[in-house]
Engineer: 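Submitted below is the structure of interest, expressed as structure tokens.
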Amino acid sequence: MPQGPLFLLAIETSCDETAAAVLEGPRTPVRGVPRIRSSVVASQIGLHQRFGGVVPEIASRAHVTQFLPVVDEALRLAEVRLEELGAIAVATHPGLVGSLVVGLTVAKTLAMSLDIPLVAVDHLEGHLYACQLAYPDREVYPCVGLVVSGGHSSLYHCRGPLDCEPLGGTIDDAAGEAFDKVAAILGLGYPGGPEIERVARSGNPTAVKLPRSFLHDDRLAFSFSGLKTAVLYALGGINSRKPPSTETLDPAFVADLAASFQEAVVDVLVAKTRQAIEMTGLTKLGIGGGVAANTRFRERIKALAAKLGVELFIPPLSLCTDNAAMAGIAFEKLAIGDVAELDVDVQAGLVRPGRP
Ligand code: KG4
Ligand code: ZN
């Protein structure tokens with residue numbers, strides 16, 4: 001039986017980031033927050049930019065070519081040799097099937113050839129666990145969890161890292177998806193979130209009146225597609241059924257519209273999070289996902305937490321957007337013996353029925 005810490009190689013290929021990380025944590029059955037030894041993310045943004053969004057087939061192919069150098073780099077930076085690894089973790093759901101399959105295939109191959117356990121993790125639980133990685137000396141759970149990413153806008157009652165009960169989610173676009181689509185309408189680059197944030201800095205957030213769905217509704221639901229359409233209307237795209245040419249747009253108006261859009265998204269995210277906190281009576285709040293990198297959102301959610309007196313856990317930007325370190329939640333699974341068989345498969349959607 002090997003002694004000392006366990007080195008785990010974590011793999012993430014659910015969308016368009018090829019990522020690997022090495023974490024150092026306790027051996028079974030001891031529970032403890034692992035330490036990130038290295039975290040490498042090879043972005044594919046350059047490949048998808050001209051399409052204004054992620055093209056699944058391109059993403060899968062890029063994972064294949066990028067993967068091994070990324071794993072090598074993660075091991076090199078961690079100063080850990082392949083033979084020293086004690087387990088492999090991989091995000092198996094939710095995500096793009098073709099992309100997930102690449103990561104899972106590498107993970108299975110390594111686990112089998114090194115004869116070490118394979119742990120399948122949930123990408124969304126991983127996004128929230130990033131909070132625990134960011135604050136290793138504080139207990140994040142139980143908490144209200146908010147995941148705001150390109151594919152999800154969901155609120156959870158998290159009793160523990162592996163026990164997150166869905167409270168509500170989006171009925172159409174995810175928050176990040178709305179950022180990406182509105183950026184495309186405004187002729188800005190991809191991914192849209194950082195672009196909107198950049199342009200919004202010089203805009204007036206109250207300049208354009210935009211809708212805020214479900215704001216005064218008891219349901220913990222989000223809807224962003226009407227907001228996206230409202231942006232199109234504000235640009236005069238309503239009659240032509242397609243966005244007006246972005247070359248003719250006044251940059252000052254684009255800035256106002258971007259700022260107004262950002263404020264509308266943030267208003268809704270903050271209001272619904274407040275509702276979830278009040279409904280559950282929980283005193284901790286954990287945030288995950290790419291949209292949590294947004295500066296305005298961070299300011300407002302911090303203000304909310306301070307006002308309600310709840311403890312806020314919001315990871316640094318590198319742990320908000322997709323990364324492999326968050327698959328370090330695998331240590332929680334190892335501690336309870338939840339190891340995957342080698343016939344484990346990927347799932348495009350959410351694994352638990354009824355989950356938002
Ligand atoms: O969590 P993530 O990296 O991947 C998914 O699991 O989807 O999230 C990506 C999303 C994209 O839609 C991107 O536009 C958004 O996060 N995003 C942002 C910012 N940075 C990334 N949205 C708003 N403001 C940002 N600064
Ligand atoms: Zn994600």
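Whatever order the structure lists ligands and atoms in, that order sets their numbers, starting from 1. This is a predicted model, so every value here is computed, not measured.
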Engineer: With no hydrogens and no angle check, is any side-chain donor or acceptor of Glu12 less than 3.5 Å from a backbone partner on Ser14?
Structural biologist: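 Looks like yes, one N/O pair under 3.5 Å.
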Engineer: I need the contact type for Glu17 against ligand 1. Using non-hydrogen atoms and a strict under-4.0 Å cut-off, is it side chain, backbone, both or neither?
Structural biologist: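 Under 4.0 Å from ligand 1, Glu17 contributes no heavy atoms.
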Engineer: Just to be sure I read this right, does ligand 1 sit under 4.0 Å from the backbone of Thr321, its side chain, both, or neither, counting only heavy atoms?
Structural biologist: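 Looking at Thr321 and ligand 1, atoms from backbone and side chain both fall under 4.0 Å.
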Engineer: Between His157 and Asp163, does any side-chain donor sit less than 3.5 Å from a side-chain acceptor?
Structural biologist: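 Looking only at side-chain atoms, Asp163 and His157 do not form any donor-acceptor pair under 3.5 Å.
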Engineer: Does even one non-hydrogen atom of His123 get within less than 4.0 Å of ligand 1?
Structural biologist: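 In this structure, His123 qualifies as a contact of ligand 1 - some heavy atom is under 4.0 Å.
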Engineer: Does His127 bring an N, O or S atom to within less than 2.8 Å of the Zn ion (ligand 2)?
Structural biologist: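 Yes, since at least one N, O or S atom of His127 sits under 2.8 Å from the Zn ion (ligand 2).
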Engineer: Are any of the side-chain heavy atoms of Leu128 and Pro161 separated by less than 4.5 Å?
Structural biologist: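 No - every pair of side-chain heavy atoms lies 4.5 Å or more apart.
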Engineer: Within the structure, is a non-hydrogen atom of Glu195 found at a distance of less than 4.0 Å from ligand 1?
Structural biologist: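 No, Glu195 has no heavy atom closer than 4.0 Å to ligand 1.
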Engineer: So, does Arg27 use its side chain to make a donor-acceptor pair with the main chain of Pro5 at under 3.5 Å?
Structural biologist: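 Here the side-chain-to-backbone pair exists.
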Engineer: Angle between ring planes, Phe222 versus Phe224, binned at 30° and 60°: parallel, tilted or perpendicular?
Structural biologist: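 Parallel: the ring planes of Phe222 and Phe224 meet at under 30°.
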Engineer: Check contact between Gly151 and ligand 1, using heavy atoms of the residue and a distance below 4.0 angstrom.
Structural biologist: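 Yes, Gly151 has a heavy atom closer than 4.0 Å to ligand 1.
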Engineer: I want to confirm something. Looking only at heavy atoms, which of Gly95, Ala292, Gly290, Ser43 is nearest to atom 20 (N) of ligand 1?
Structural biologist: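 When every heavy atom of Gly95, Ala292, Gly290, Ser43 is considered, Gly290 comes closest to atom 20 (N) of ligand 1.
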Engineer: Does a donor on one side chain and an acceptor on the other come within less than 3.5 Å for Ser225 and Asp173?
Structural biologist: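 No - no donor-acceptor pair under 3.5 Å links their side chains.
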Engineer: If you measure every N or O of Phe179 against every N or O of ligand 1, does any of those distances drop under 3.5 Å?
Structural biologist: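 Such a contact does not occur with ligand 1.
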Engineer: Do any N/O atoms on Pro191 end up under 3.5 angstrom from N/O atoms on ligand 1?
Structural biologist: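 By distance alone, the answer is no.
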Engineer: Looking at Ala292 and Ile287, what are the two nearest heavy atoms and their distance?
Structural biologist: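 Nearest pair, atom of Ala292 first, then Ile287: CB-CG2, 3.6 Å.
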Engineer: Heavy-atom contacts with His127 under 4.0 Å: which atoms of ligand 1 show up? List them by number with element.
Structural biologist: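 Ligand 1 atoms under the 4.0 Å threshold to His127: 1 (O), 6 (O).
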